[in-house]
**Student:** 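Okay, handing you the structure first.
Letters A, B, ... mirror the listed sequences (proteins, then strands); counts begin at 1.
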Protein chains: 2
Amino acid sequence: MTCYWSDNKYTILLIVDIKIIVKIKIAVLGTGIVGRTIAEKLDQLGHDVTIGTRDVQKTMQENEAYAAWASSHSNVHTMPFVEGAANADLLFNCIGGMVTMDALNGIGEKTLGNKVLVDLSNPLDFSNGMPPSLGVVNTDSIGEQIQRGFPNLKVVKSLNTMNTALMVNPGMLKGDHNVFVCGNDEASKNTTLDLLKSFGWREDLIIDLGDITNSRGTEMILPIWLRLWGALGTAEFNFHIQKN
Amino acid sequence: MTCYWSDNKYTILLIVDIKIIVKIKIAVLGTGIVGRTIAEKLDQLGHDVTIGTRDVQKTMQENEAYAAWASSHSNVHTMPFVEGAANADLLFNCIGGMVTMDALNGIGEKTLGNKVLVDLSNPLDFSNGMPPSLGVVNTDSIGEQIQRGFPNLKVVKSLNTMNTALMVNPGMLKGDHNVFVCGNDEASKNTTLDLLKSFGWREDLIIDLGDITNSRGTEMILPIWLRLWGALGTAEFNFHIQKN
C-alpha cells in the first residue's frame, strides 16, 4: 500500500507492506526431518504450532537430533500425538506412510473429527531391502486409506513428491517446478493452497489433480524419484510439468 | 562443411550439409497410434522399417485406420510379428504392456536372439474400469519381464512416459522436458540415444536412469500422467526434471 500527502512544499510518501497471516492452530505429526522442517516453517510464518510424537519422554531421551532441534525451537511444543491433534484445527501428517494408520487410529476418530489433514506421507516399504517398494500401491494409496478410515477428516494430499528442503523453499531451484494437491473437500484444498503460497509456491505452479484417489499417482512417483536421486547425484530436483 | 575455391577473379563457395544416417533394419511391433507414429518417423529418417502385427490379413481387413495409414506409407511393409522381427536388427515394442510377453513368446527366443528391443509399453489394465490400474507394478515391470524372459535380448525402456506425438517431435513443447532410458546394455542404450537424438531430443534432456529395473519407475509414472491429462485438459505435456 502506498499513500502520500502533498502540499506546495513537501510530499510525504508512506509505503506500507501489509502481510495478513490467518494464524492457524497446527499439529505436525512426526519428529523426523519432514516434520521438523514443516514445523519450523509454520512457526516462522506465525502459526500456533505443536509437533507430535508417540512418546514425548522417549523421543527426548533417545532421539538426540530431535532433542537438539526442540531446544532451539522453543515455540514449537512437543506433545503426544493425541494432545497435539486435540488442540489443533489442522494437521500435517509427516510420519511414514506405513505407520500412518496406526498413529491416526491411536489419536482416534473423535479427536480427529472434521479437521483438515495435509498428508505428506509415502508408503515406502524397506522390508525387502533397497530400493524400497511401495507397501500400498496401484489400486489404493495412503491418502485414500486415511480418507476411508476417517470419513469426516478432510484429507489433502500434497508435498510428498519432493525433497524436504524444497517443500518450504521452492525458490531453491532456479526454474519452474510443481507441487500437486488432491482431496475431496474444496475448502480444505484452498486452505492448503494458501499455506503452500505462504511457503513460497507460486499459485500457477500448484496443480490441483482432483479428488483424493489421485494420491495413487503422486505416491507412485516415488520409485522414479528415488532412482533420479541416484542418477542425478542430488535430491535437489523436482518434477515440472512442461506444457505450452 | 564449407569449401571454397578462389582465383583472382572468382570465388566459388560450396556449402554441403552432410547428415550421416546409419541405416538400421527395424521392426516396429504394433499397428496402433504409437507403432504408426514411430514407424513413420523411422521411415522418414531413412531406416529400413517394417511394422508387425499378429495377422496381416485380419489387420488389413478389420482395422480401417491402419489400412488407410498403410496405403499412404508404402515404404513400411506390414508383416507378421515373427517375419518382421526375423529381418530386423532392432525392434520397437509398441504394443500394450499386458500383451507384450504373449507376442514376444510367439516370435520366440531363437528369432529374437540378441537383438536390441526398445520397449515403449505400459502395463495399463482396463479390466477394472477407469482409471486403469497397472497389471504389473511395484516390484516388477514389463521392461524387466521382457529382459528376464529373453536374457539375450538387449532391452532398453524408453519413451513410455509421454504422449505419442511428443515422442518423435519433442519440439512441440516450447520449454525443456525429458525422456528417460534404462537398460542393462550400454551399447544398446547408446544406439537408442542416437535414435532419440534423430527424433529431435537434445542429448542433455535424455536421462539415463541405469539398469532395466528402472522400468518400474517409468511405468509407475503412468497413473499421474493419466490424471494430469484430465486436470490439464491436454495430453501435450511432459515431465521435466528441474534442477540447478
**Student:** Select one option (side chain, backbone, both, neither) describing which atoms of B/Thr139 are under 4.5 Å from chain A's heavy atoms.
**Tutor:**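 Side chain of B/Thr139 only, per the 4.5 Å heavy-atom cut-off to chain A.
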**Student:** Do you know the tightest heavy-atom contact between B/Pro223 and A/Gly217?
**Tutor:**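 Heavy-atom minimum between the residues: CB-CA, 4.1 Å.
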**Student:** Given the options B/Ala231, B/Cys182, B/Ser133, which has more heavy-atom pairs under 4.5 Å with chain A than any of the others?
**Tutor:**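 Ranked by heavy-atom pairs under 4.5 Å with chain A, first place is B/Ser133.
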**Student:** B/Val137, B/Leu209, B/Asn214: which one forms the most heavy-atom pairs within less than 4.5 Å of chain A?
**Tutor:**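 Greatest number of close heavy-atom pairs with chain A: B/Asn214.
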**Student:** Quick one: what part of A/Asn163 sits under 4.5 Å from any heavy atom of chain B, side chain, backbone, both or neither?
**Tutor:**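 Contact with chain B is absent: no heavy atom of A/Asn163 under 4.5 Å.
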**Student:** Measuring from atom CZ of B/Arg216 to atom CG of A/Leu226, what distance do you get when rounded to the nearest 0.5 angstrom?
**Tutor:**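 Those atoms lie 12.0 Å apart.
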**Student:** Counting only heavy atoms closer than 4.5 Å, note whether B/Leu232 contacts chain A via side chain, backbone, both or neither.
**Tutor:**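 Answer is side chain: those atoms of B/Leu232 sit under 4.5 Å from chain A.
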**Student:** Quick check: closest heavy atoms across A/Met172 and B/Asn244, and the distance to 0.1 Å?
**Tutor:**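 In this case the closest contact between A/Met172 and B/Asn244 is O-ND2, 2.7 Å.
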**Student:** First locate atom CD1 of B/Ile224, then atom CE of A/Met220, and finally report the distance between them rounded to the nearest 0.5 Å.
**Tutor:**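 The CD1 atom of B/Ile224 sits 10.5 Å away from the CE atom of A/Met220.
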**Student:** Roughly how far apart are A/Asp176 CG and B/Asp176 CG, rounded to 0.5 Å?
**Tutor:**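 Spacing of CG (A/Asp176) from CG (B/Asp176) equals 11.5 Å.
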**Student:** With a 4.5 angstrom heavy-atom cut-off, could you sort out which part of B/Asp208 is near chain A: side chain, backbone, both or neither?
**Tutor:**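 It is the backbone, since no side chain atom gets that close.
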**Student:** Against chain B, work out which of A/Lys174, A/Lys243, A/Arg227, A/Glu236 has the most heavy-atom pairs shorter than 4.5 Å and name it.
**Tutor:**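 Top option by heavy-atom pairs under 4.5 Å: A/Arg227.
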**Student:** Against chain A, label B/Ile207 side chain, backbone, both or neither, depending on which of its atoms sit under 4.5 Å from a heavy atom there.
**Tutor:**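 Looking at B/Ile207, just its side chain touches chain A.
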